[in-house]
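Some notes on the structure that comes next.
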Amino acid sequence: MQTYKVNRLPEYPEIKVSVPGSKSMTNRALLLAALAEGQSTLSGVLFSDDSNVFLQALKDLGFSLKINEKDKKVAIQGMGGRIPRSQANIYVGSAGTAARFITSMVAMTSGEFRLDASEQMKKRPMSELLDALQSLGTEITYLVREGTFPFQIKGMGYRQERAEVSVNIDRSSQFLSALLMSAPSHFDDLRIHLTGNRSALSYVRMTEQMMKQFGHKGVIQESERCFRVLSQKGYQAQNYTIEPDVSAACYFYAMAAITGGSCCVENMREDSLQGDMKFLTVLEKMGCRISKENGEIILHGAQPGKLKGIEIDMSDFSDQTLTLAAIAPYAAGPVTIRNVGHIRGQECDRIHAITENLARMKIRCEERKDGVTIYPGTPQPARIETFRDHRVAMAFAVTGVRTDGIVIDNPMCCRKTFEHYFEVLDSLYPGTQGLTN
């Protein structure tokens, strides 16, 4: 088994790194470009397992793509909401965005499509979106188990003047984003009613803003629980630049937070569309400081031993739950994370992954249905079980930069979103290589 031994950073390091493009923005931009009329050129594209799956799905649907991985660019010939092929077999791998966004796109067109996924993705939530699409007129035939991959879709095949649909987003806001982005090409007026209790919508706000950037301004939030999509003129092709991935940047900001050092992630924007920017506010509340120098954001960590405990609702930026859990043992007081029960249904049960790995490091952690409380302690040498989850691997590597003996098993599951993460981490220790077979 491949492993990565994390090396301890000195106190007060000056960290300066670049990170790949945002996965969330890359896959939204790929979908919107495919739905637009004309050729779009996307710059700053993330090339990872998830985005490569998305690109292959678009190829299998017949879209014309020009891919330049070296320059991080993709040109897509959009078809104004039409899909070039009326039949295709699509594989979405373990990519939640591809699974939800591609499913919605093909369900609203004409044609018959077979969709399949990895064993991991077959365990993740899909039924809420599939039920919503069926209520709009899509025919879905489940090939193994109801509500999950694989399945056969016969698209609704006609434009609808007005329609209403209900969807529960408690387990994933991607269900709503998928419906919002595909709707303008196939509905003159679609009302989407939200059921359930979730009100965390930062990724939905990103979706709305990107729809506007591709020329569609017809999303109206009529109430807290109702979105209305007016078709207007659909999407127009764009030359579009994708932001650096804030989720990836946060691992390096967290390293500065626990070592008392500083961190600058190149090209990070204060006005980023990404909800994980809220993690910087959490670090500020815990005693870190943010400055801006030459237009760049610099995070200055708290003095070692002075990081404050915190109680925080992370429902709106839950991808950073693991990152906060990884640095929580170094806080001076308990760290309580609330309202993230939905992360149990992501690439793995992430709440269990937190408690399992902290227990391996002899750190006291109380697990609840919707979160955890982590108590201060000194992490002991341990092997981290990643559960093949990229965020588990990357987050607990952060713990190891301030203690000895942390080894990450199966570290290259990080290829899902950040293939070169451990190479970037190695660059912080000149001449050191932590990856072994």
Can any side-chain N or O of Y330 pair as donor or acceptor with the backbone N or O of K306 at less than 3.5 Å? no
Check the pair H186, Y158 against ring pair (Phe, Tyr, Trp, His ring centres under 6.0 Å), reporting the backbone distance first and the verdict last. CA-CA 7 Å; H186 306 287; Y158 58 93; over 10 Å; no
Flag, side chain of Y235 to backbone of M181, donor-acceptor distance under 3.5 Å: yes
Pairing of D370 and R368 as salt bridge, 4.0 angstrom limit: yes
Test of ring centre spacing under 6.0 Å for Y142 and F149: no
Inspect the surroundings of CZ in R388 and state if more than 12 heavy atoms from other residues, nucleotides or ligands are less than 6.0 Å away. no
Heavy-atom donor-acceptor pair, S135 side chain to V165 backbone, under 3.5 Å: no
Salt bridge D49-K416, side-chain N to carboxylate O under 4.0 Å: no
Do H300 and I290 make a side-chain contact, defined as non-hydrogen atoms from C-beta onward lying under 4.5 Å apart? no
Considering all heavy atoms of both residues, which atom of L280 and which atom of L299 are nearest to each other, and what is their separation? CD2-CD1, 4.0 Å
Under 3.5 Å, is there a donor-acceptor pair linking the side chains of T323 and Q320? yes
Please check this pair: side chain of N239 against backbone of S40, looking for a donor-acceptor N/O pair closer than 3.5 Å. no
Less than 4.0 angstrom from a charged side-chain N to a carboxylate O is my criterion; do K292 and E270 meet it? yes
Going by an N to O cut-off under 4.0 Å, is there a salt bridge joining R225 and E222? no
Per side chain to side chain contact (heavy atoms under 4.5 Å, CB included), I327 is matched among V398, I374, V335 by V398
Are side-chain N/O atoms of S247 and D276 paired as donor and acceptor at under 3.5 Å? yes
Check whether the side chains of H342 and S318 place a donor and an acceptor atom closer than 3.5 Å, and report yes or no. yes
Distance-only, no hydrogens or angles: does the Q238 side chain make a donor-acceptor pair with backbone N or O of Q236 under 3.5 Å? yes
Heavy-atom pair of closest approach, residues P411 and A393: O-CB, 4.1 Å
Polar contact flag, side-chain donor to acceptor under 3.5 angstrom, R28-T207: yes
Are R350 and D389 close enough for a salt bridge, meaning some N to O gap below 4.0 Å? yes
Taking the six-membered ring for Trp and the single ring otherwise, decide whether the centroids of Y240 and F214 are under 6.0 Å apart. yes
Step through the shown structure and confirm whether more than 12 heavy atoms of other residues, nucleotides or ligands are within 6.0 Å of NZ on K278. yes
With the threshold set at 4.0 Å, does a side-chain nitrogen-carboxylate oxygen contact exist between R391 and D319? yes
Could you check whether S48 and D50, counting side-chain N and O atoms only, form a donor-acceptor pair closer than 3.5 Å? no
Between V340 and G371, the two heavy atoms sitting closest are CG2-CA, 4.1 Å
Hey, are R198 and D170 close enough for a salt bridge, meaning a charged N less than 4.0 Å from a carboxylate O? no
Regarding E164 and H193, do their side chains bring together a donor and an acceptor under 3.5 Å, going by distance alone? yes
Can you tell me if K122 has over 12 outside heavy atoms packed within less than 6.0 Å of its NZ? yes
Determine, step by step, whether S315 and N339 satisfy the side-chain hydrogen bond (donor to acceptor under 3.5 Å, both in side chains) criterion, reporting the C-alpha distance in whole Å, the side-chain angles of both residues, the deciding distance to 0.1 Å, and the verdict. CA-CA 5 Å; S315 57; N339 291 333; 5.1 Å; no
Would you mind reporting whether D60 and F113 have side-chain heavy atoms less than 4.5 Å apart? no
Salt-bridged, R360 to E356, with N to O below 4.0 Å? yes
For A75, is there any backbone N or O sitting under 3.5 Å from a side-chain donor or acceptor partner on T41? no
Is it the case that H390 and T417 place a side-chain donor and acceptor less than 3.5 Å from each other? yes
Please check if any side-chain donor atom of E243 sits under 3.5 Å from a side-chain acceptor atom of Q274, or the reverse. yes
Between T97 and N27, is there a donor-acceptor pair closer than 3.5 Å when you use the side chain of the first and the backbone of the second? no
Shortest non-hydrogen pair, T109 vs V106, comes out as OG1-O, 3.0 Å
For Y421 and C414, work out which heavy atoms get closest and say how close. CB-SG, 4.2 Å
Between Q56 and Y91, do the side chains contain a donor N or O and an acceptor N or O under 3.5 Å apart? no
Going through the distances and angles, do E284 and R289 end up as a salt bridge (Lys or Arg N to Asp or Glu O under 4.0 Å)? CA-CA 6 Å; E284 281 189 294; R289 179 174 60 86; over 6 Å; no
When you measure from the side chain of D189 to the backbone N and O of R162, does any donor-acceptor pair fall under 3.5 Å? no
Have N168 and E128 got a donor and an acceptor in their side chains that come within less than 3.5 Å? no
Donor-acceptor check, side chain of R344 to backbone of G341, threshold 3.5 angstrom: yes or no? no
Measure the acute angle between the ring planes of Y4 and F422, then classify it against the limits of 30° and 60° as parallel, tilted or perpendicular. tilted
Check whether T373 reaches the backbone of T336 with its side chain - one donor and one acceptor, N or O, closer than 3.5 Å. no
Would you call E296-K16 a salt bridge at under 4.0 Å N-O? yes
Determine whether more than 12 heavy atoms belonging to other residues, nucleotides or ligands lie under 6.0 Å from atom CG of N294. no
